[in-house]
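The structure appears below as structure tokens.
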Amino acid sequence: MTNKVALVTGASSGIGESAARRLQKAGLIVYGAARRTDRMGGLAASGVRTLSLDVTSEASAERAVAEIVSAEGRIDVLVNNAGYGSYGALEDVPMGEARAQIEVNLFGLARLTQLVLPYMRAQGSGTIVNISSMGGRFATPMGAWYHASKYAVEGLSDALRLEVKRFGIDVVLIEPGSIRTEWGAIAAEKLRATSLHGPYAEQADAMAAALEKSSKPGARMTSPAGVIGETVAKAATARRPRTRYRVGFGARPLVLLSKLLPDRTFDALIKRSSGVPA
């Protein structure tokens, strides 16, 4: 039986690295891709094929997909994980940074999906796993552009699922809760650089502290990246995967509460849990 071939973006750390390892353990031929290949030495040593990929570069994306197809003749699973959190008050965030956030988190995902779809259609099967967030279902303070990107990933995935099902292709959304990775520290750094001075400083400082805390080893009220890696492998190997998986600390209850509570009541809950003053 031919081994399935998977491409995982953003594989140099966190969720992407965990997903690559779990998929390989499940028996897939795995290509882990990231801008910084020097950070994927451990993956390469474990047998994961590593390649350079900048999802915002058309040439880089085309080159990565062509390399895999040339070597393997197929792509069965695409895990769109590459992304980051650009935080800052909407009033403060330069439009160039806003565009960069959408370029990475949405357009990069969309372009890679376009590139693999012809091969999946030709073989009559495939699974596209888009890493969204519980932040694609509700918002937190100071994260307007990050949440905009993840809300968009949700809509794109829902539309794509309707389009490609007839070709034997599944589209899966994974909506992580609070996950213990470097993501929170990076988002906090951007938030402080953008909004630590000015009218939003008090909110920015409180939110940055909450984001930073989630990245610390052993942080409470977080889950390890491995829970998402396991879910990716589960979705990629299922005969009939679910359309959505909500996993990690807070994902299920908070998404449910966002649906059940009045908006202003839920706003107050999010502010209080984030330590942001009312």
Side-chain angles (χ1 to χ4, degrees), residues 14-15 83-95 97-98 101-102 105-106 130-158 173-216 218-225 227-228 231 244-278:
I15 289 172
Y84 72 102
S86 180
Y87 271 63
L90 181 68
E91 187 177 343
D92 295 333
V93 177
M95 290 308 295
E97 173 58 26
Q101 177 77 131
I102 302 299
N105 289 9
L106 178 65
N130 290 334
I131 306 298
S132 179
S133 169
M134 64 179 178
R137 309 293 291 189
F138 62 85
T140 56
M142 306 283 112
W145 287 109
Y146 171 72
H147 292 292
S149 73
K150 291 303 185 180
Y151 273 57
V153 167
E154 296 273 334
L156 180 148
S157 301
D158 285 338
L173 275 161
I174 296 183
E175 300 169 343
S178 182
I179 305 299
R180 202 157 52 248
T181 69
E182 63 183 15
W183 184 95
I186 294 169
E189 183 181 357
K190 284 188 169 290
L191 174 52
R192 286 201 167 100
T194 304
S195 292
L196 194 56
H197 305 286
Y200 301 95
E202 189 178 6
Q203 296 179 65
D205 191 45
M207 192 65 199
L211 288 166
E212 253 174 359
K213 192 181 297 183
S214 72
S215 285
K216 292 180 179 177
R220 293 176 62 249
M221 296 189 291
T222 64
S223 298
V227 301
I228 309 301
T231 304
R244 275 179 172 79
Y245 294 82
R246 290 184 189 123
V247 286
F249 186 88
R252 288 183 182 177
L254 285 173
V255 171
L256 179 61
L257 284 172
S258 73
K259 295 177 179 178
L260 296 177
L261 294 176
D263 286 346
R264 289 187 176 85
T265 303
F266 188 72
D267 287 351
L269 171 66
I270 290 299
K271 284 187 175 182
R272 188 163 60 249
S273 64
S274 302
V276 173

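From a predicted model like this one, the values you see are computed outputs, not experimental measurements.
- Listed for the S195 side chain is no donor-acceptor partner under 3.5 Å among the backbone atoms of G88.
- Shown here for V227 and S223, the closest heavy-atom pair between the two residues is CG2-CB, 3.9 Å.
- No side-chain donor-acceptor contact under 3.5 Å links T222 to the backbone of G218.
- Closest heavy-atom contact between K150 and I131: NZ-O, 2.9 Å.
- Tested against M142 for a side chain to side chain contact (heavy atoms under 4.5 Å, CB included), the candidates L211, L191, V93, L90 yield a single pass: L191.
- The nearest pair of heavy atoms linking G83 to N105 is CA-OD1, 3.2 Å.
- Put simply, CZ on F266 and CG on L260 are 10.0 Å apart, with the number rounded to the nearest 0.5 Å.
- Annotation for W183 and G85: closest pair NE1-N, 3.3 Å, computed over non-hydrogen atoms.
- The two residues S215 and A185 have their closest heavy-atom pair at OG-N, 2.9 Å.
- The structure places NE2 of H197 at 10.0 Å from CG of D205, a figure rounded to the nearest 0.5 Å.
- Q101 places a side-chain N or O within 3.5 Å of a backbone atom of Y84 that can act as its donor or acceptor partner.
- Atom-to-atom distance recorded for S149:OG and L156:CG is 12.0 Å, nearest 0.5 angstrom.
- To the nearest 0.5 Å, the span separating CD1 on I179 from CE on M134 amounts to 8.0 Å.
- Between A251 and P176, the shortest heavy-atom distance links the atoms CB-C, 4.2 Å.
- Checked by atom type and distance alone, the side chain of S274 never pairs as donor or acceptor with a backbone atom of K271 at under 3.5 Å.
- For the pair R252 (side chain) and R246 (backbone), a donor-acceptor distance under 3.5 Å is present.
- Summarising the geometry, atom CD1 belonging to I186 is positioned 7.5 Å from atom OG1 belonging to T181; distances are rounded to the nearest 0.5 Å.
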I would like to know whether V276 and E202 meet side-chain contact (heavy atoms from CB on, under 4.5 Å); could you show each step before the answer?
CA-CA 8 Å; V276 173; E202 189 178 6; over 6 Å; no
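- Taking CD1 from I270 and CG from D263, the interatomic distance works out to 11.5 Å, rounded to the nearest 0.5 Å.
- The stretch residues 130-147 participates, sequence neighbours left out, in these side-chain hydrogen bond (donor to acceptor under 3.5 Å, both in side chains) pairs: N80-N130, Y87-T140, N130-S157, S132-E154, S133-Y146, R137-E154, T140-H147.
- For the pair R244 and D158, the minimum side-chain heavy-atom distance is below 4.5 Å.
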